[in-house]
Each structure stands twice: as C-alpha cells, then as structure tokens.
2 protein chains.
Amino acid sequence: MRTPVAQRTVAQIKAMISDGEVGPGQQLPTERDLSVRLGVSRGSVREAIRSLTTLGVLEVRHGAGVYVTALRPADLLEAFSVLAEVSRDETLLEVLQVRRMIEPAATAVAAARATPEDLERIGALLDDMEDGSGPREPAEHGAADLGFHQAIVACAGNATLSAVHAGLSSRTFNERVWAGHGEAGLTETLHEDHRRIHEALLARDPEAARAAAAAHVLRVERWLGARTSPGQEEA
Amino acid sequence: MRTPVAQRTVAQIKAMISDGEVGPGQQLPTERDLSVRLGVSRGSVREAIRSLTTLGVLEVRHGAGVYVTALRPADLLEAFSVLAEVSRDETLLEVLQVRRMIEPAATAVAAARATPEDLERIGALLDDMEDGSGPREPAEHGAADLGFHQAIVACAGNATLSAVHAGLSSRTFNERVWAGHGEAGLTETLHEDHRRIHEALLARDPEAARAAAAAHVLRVERWLGARTSPGQEEA
DNA sequence: GGGGGCAAGTGGTCGGACCACTTTGACATG
DNA sequence: CATGTCAAAGTGGTCCGACCACTTGCCCCC
C-alpha cells in the first residue's frame, strides 16, 4: 500500500464509524488494541485519533478512553473557528460578507421564536455590555458583543446555524473592532445598533430584526473596508 | 502548566504564525528543531502538526519540510466538509435551513457579478444536467446538481462563501435527494427550478435570482422534512 | 556541459518505557 | 450492614532512540 499509514488508519477508523461498529457516544477500542488490530504502531494510531479529534469526530478522555462524539454539527464545526482566528483583513471582509447573509436571516427567525426567557437573557447581556460605560478594555467589549450575537442566533434553534456563525465570529476580531471604534468614538453607535436589534426582538418583528441586524453588520463591514483600503469602496 | 503538552504546542505554533515569524507559504522549522526549541518530544510536535494539518493551516511534504498554507478560507474549510458527510437526516434539515439563508443571497450577488463566461459555463452545466434525460444514475444527477450550484456561488467572488457553501453541500446528500425525487417523479420540477435560476442570472435580476434560489432550497427542505417525519410540519 | 548517482536532511514509522489520570472494587471502618 | 478509603488495574499522555522513505542538491564521472 502506497498510502501513508496514518492516513490509512484515519480511513479505517472512519469506516468503523460508518459501518456502525461504533456509534455516536460509544467507546473506541483502546489505542493499544487498535494498534494491534490495524497492524500499525501506537504512535500512528494516536496521530489518526488526533486528526479525527481535531475534526470533532472523536473525543479523548484521559485515562478513560476514546469516544465517538454525538456527531452533532456543533461538534464538527468547533474546529472551524480557526478561520476567523488566523485570517487577515482581506479575508475578514469576506467573512463579514457571509455574516451579512446569515445574521439578518438568523435574527429574523430569532424574533419569531425567542422565548420570554431568551429575551430576558439577551436584555441582560445588553445591559451588561452598556453598563459601566467608563473606559473598558476592548477585550471585554468584544467578548460581550460576541455573546450578545451568539445568544440571538441561538434563539433560532438551529445548532448548525449557531456553529457556522460561531466559526465566522471570533473574539480576537471583535476586540479589534471595538478598539477601532473606540478610537473613532463610534462606541455609542454600535450600542444603538444593538438596542435597535433588541427592540425588534421584543416587538417580535422579524423584518425589523432583519433590517437592524443587516445594518449592524454592514456598518462593521464598511468600517473594516475603509480601514483596509482607505478611499476604496468594497465591491 | 496543567495544559497538555500537545495542545500547548499547537498554540505555540499558531502563535508563530500569528506573530509573523512564519508567513503563508513559508517553511516551518524541522520537527526536530521544533522539539528542541519548544522543549517537547518530537512525537508531540508531530501530533500538533498533524492537528494543524487537519485544520488546513499547515501542509507537510515528505522529505521536504512542513509549510504554512496560503491560509485561504478554502484551505481552512476543506476539512469542514466532513459535516455533510457524517450527518443524518435530522441535522440535514438544519443544514438546509442554513443553505436557505445563504444560497438566495449568494445567487443574488452572482446575478449582479457573473461575467458572460460564467453565465456560459453555468448554462453548459445546466444543459449537461438535463441532457440525456433518459434514466440516469442519481449519483450523476447529484454531482451535476452540486456543480451547478457551486458554480453559481463561485460567481459571487467570495472564496469564504464558496467554502462555507461547499461544507454545507455534499455529493452523497444530493444523490439521496435525486434518488428520492426520481421515485416521486419530481425530477422535472427540480429542472424547472434550475432553469428559473439560470434565467434570472441571464437577466441580471438579483431579486428574481434570490427568489428562485430560495424557492429551490425550500422545495428540497420541505421534501426532506416530509420524508423525515411524515405529516409533521417543520417549525 | 550534461547526466547519473551518492549523501545529507527531511518527514514517516516503529517499539518500548514511563508518567498522569480515571475507574473500579476490595477492604477496613463506623 | 452501610459507607468511606485507597490501592491496583487500565487508559491515554509523553518521552526517547532507532530506523525507513522520500526529497533535494551537490559532486563526480562521462
């Protein structure tokens, strides 16, 4: 066989899952057993497991064994958040464009589906974000902002949607945005956007929520675009 | 440090990239050098590299070294396609809901930005899909269908968008859809949807394109919903 | 000057050893 | 008899050193 051992091992473990030999939540044979059964070294087995763990297919519990995850989209998309982490400004523009497609729709659905408890929790997040309006760290603002939007998307009741959205968001990026807006004195503007979104949710008005969310993302997108290539309109 | 060595090593390598010590396309220090520099064993370094390779951040060339990828969204989202691979029906409904948010918007942008060459190529794909209308394999239909939609999304000129869309699509799922529609005799209905989308693109009418794409995805979504839980409307 | 092949350097794999953690059940204790 | 304790077994986590497979580039020979 010309194919690398580790790669083949990955395929064989995936096959064990596809064939139903081990289902979601079940325990895989031990690393030592697998190395014997597949005829490869334990190190290679570990690399294969590491790969599938990174993909969110397997979960390792030190001292307890290797398990197949529930294979829910959230599991498989966790790794996906590296995107926004290592991306640079140009690709962040692309990411924001995608968010501008998703978030308005998600916010609209949230407006229709949010429970009173959801709305209360989101309101609390909003108050917390605006509270202590003194000079706060951009990191705090960024984290709070992220939580606010993720809570809204979560109301849509679609775990895949939440996972995709999380992948397209990132704490580090939000920090940059808040730092930049702090310089430009636009902090209050973002808070207004948030309040408008919240009001639309309270009013259970999907279209207003969609519009408010779209305006919000577009504002950030424009800001980043101007910052990346001043004086050049983004296509 | 309580954190596992391998995990810390992943973070340190990521930091080397973030800090600009090694840029896209550049070569990383050798595994042996890294193991010395980071004070961990070569095996742990290899596991960290394996993890980042799986994520599409690094690329390994046997005998030649480890390199940072271009860090393009397409690189980072390749792994992401496992989602549609291992997902089952219930989560496919969620996936389709997300596609219903993305694809209409993407198709609208495509209508505005597609070049004449793009339109010609898409038309050819469409003809090819409908051509030979005799009894074809669902696999063929599924692959052609996938290519058609991906070509349209590509016209939007957003690599991140294309990558996300690719992750939410899958050949195997499309095969199931076409097999199911073949049984129900709805093949022609899907072809009509496609023609309507294509006409909107030719007319450079974003809103018509958006509507046609939304109707198309919704049709598939409804079909899957009815098939998954007959007689129960999807919330 | 061109071609072939050798050698150094790289990742790929292996085996064994030991460490850290979890789980379990036998044991002593109340 | 119930219960808490802890020791042992089993698991993943890490390390080391050796050797194999592949790439690259230099050097030698023609």
Side-chain angles (χ1 to χ4, degrees), chain A residues 1-17 21-70 75 78-79, chain B residues 1-17 21-70 75 78-79:
Chain A
M1 185 99 60
R2 316 281 309 177
T3 64
V5 173
Q7 180 181 329
R8 194 196 335 159
T9 306
V10 169
Q12 284 176 299
I13 294 179
K14 268 202 287 195
M16 289 174 64
I17 298 174
E21 186 175 336
V22 286
Q26 290 185 355
Q27 181 175 1
L28 225 61
T30 68
E31 294 180 350
R32 291 168 177 86
D33 285 349
L34 278 175
S35 81
V36 171
R37 165 173 170 171
L38 303 180
V40 301
S41 77
R42 191 183 157 210
S44 298
V45 170
R46 278 186 61 77
E47 288 200 26
I49 291 175
R50 163 80 54 185
S51 187
L52 290 170
T53 300
T54 302
L55 288 176
V57 174
L58 297 180
E59 177 192 0
V60 173
R61 303 179 200 164
H62 189 174
V66 181
Y67 295 78
V68 179
T69 67
D75 301 320
E78 197 165 345
Chain B
M1 183 99 63
R2 315 280 309 178
T3 64
V5 173
Q7 179 181 329
R8 191 191 341 152
T9 305
V10 169
Q12 285 175 298
I13 294 180
K14 270 200 287 194
M16 290 175 62
I17 298 174
E21 188 176 334
V22 287
Q26 290 185 354
Q27 181 175 3
L28 225 62
T30 66
E31 294 180 350
R32 291 167 176 88
D33 285 350
L34 277 175
S35 80
V36 171
R37 165 174 172 171
L38 301 179
V40 301
S41 77
R42 193 182 156 208
S44 298
V45 171
R46 279 186 60 79
E47 288 199 25
I49 290 176
R50 163 79 56 184
S51 187
L52 289 170
T53 299
T54 303
L55 289 175
V57 174
L58 297 180
E59 177 193 358
V60 173
R61 305 180 199 162
H62 190 174
V66 182
Y67 295 79
V68 180
T69 67
D75 300 321
E78 195 166 346

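The sequence lines fix the lettering, A, B, ..., with proteins before strands; numbering per chain opens at 1.
Distances shown here put a side-chain N or O of B:S44 below 4.0 Å from the OP1 or OP2 atom of D:dC15. Phosphate proximity of D:dG13 to A:R46: present, with a side-chain N or O under 4.0 Å from OP1 or OP2.
With sequence neighbours excluded, no residue satisfies side-chain hydrogen bond (donor to acceptor under 3.5 Å, both in side chains) with A:Q7. In this structure B:R37 satisfies the side-chain hydrogen bond (donor to acceptor under 3.5 Å, both in side chains) test together with B:E21, sequence neighbours excluded. For the side-chain hydrogen bond (donor to acceptor under 3.5 Å, both in side chains) test, no residue two or more places apart in sequence or in another chain qualifies with B:T9. Among residues two or more places apart in sequence or in another chain, the side-chain hydrogen bond (donor to acceptor under 3.5 Å, both in side chains) test is passed with B:S35 by none.
Between A:M16 and A:L34, some side-chain heavy-atom pair lies under the 4.5 Å cut-off. Taking the side chain as every heavy atom from C-beta outward, B:K14 and B:L52 approach each other to under 4.5 Å. B:V5 has its side chain within reach of B:R8: a pair of non-hydrogen atoms, C-beta onward, lies under 4.5 Å apart.
Here the closest non-hydrogen pair linking B:T69 and B:G56 is OG1-O, 3.0 Å.
With rounding to the nearest 0.5 angstrom, the OH atom of A:Y67 is 12.5 Å from the CG atom of A:L58.
The overall bend of the helix from C:dG1-D:dC30 to C:dG30-D:dC1, read as the angle between its terminal helix axes built from five base pairs each, is 10° when rounded to 10 degrees.
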Atom pairs, N/O to N/O, protein against nucleotides 6-11 of chain D, distance under 3.5 Å?
unit_1	atom_1	unit_2	atom_2	d
D:dG10	N2	A:G63	O	3.1

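Distance OH (B:Y67) to C1' (C:dG9): 12 Å, rounded to an integer number of Å. What separates CD of B:Q7 from P of C:dC21 is a distance of 14 Å, to the nearest Å. A straight line from CD of A:E47 to P of D:dT14 spans 13 Å, rounded to a whole angstrom. A straight line from CD1 of A:I49 to P of C:dT13 spans 15 Å, rounded to a whole angstrom.
One cannot find a donor-acceptor pair under 3.5 Å joining the base of D:dG17 and the side-chain atoms of B:R42.
Looking at the side chain of A:S41, the nearest of the listed nucleotides C:dG15, D:dC15, D:dG13 is C:dG15.
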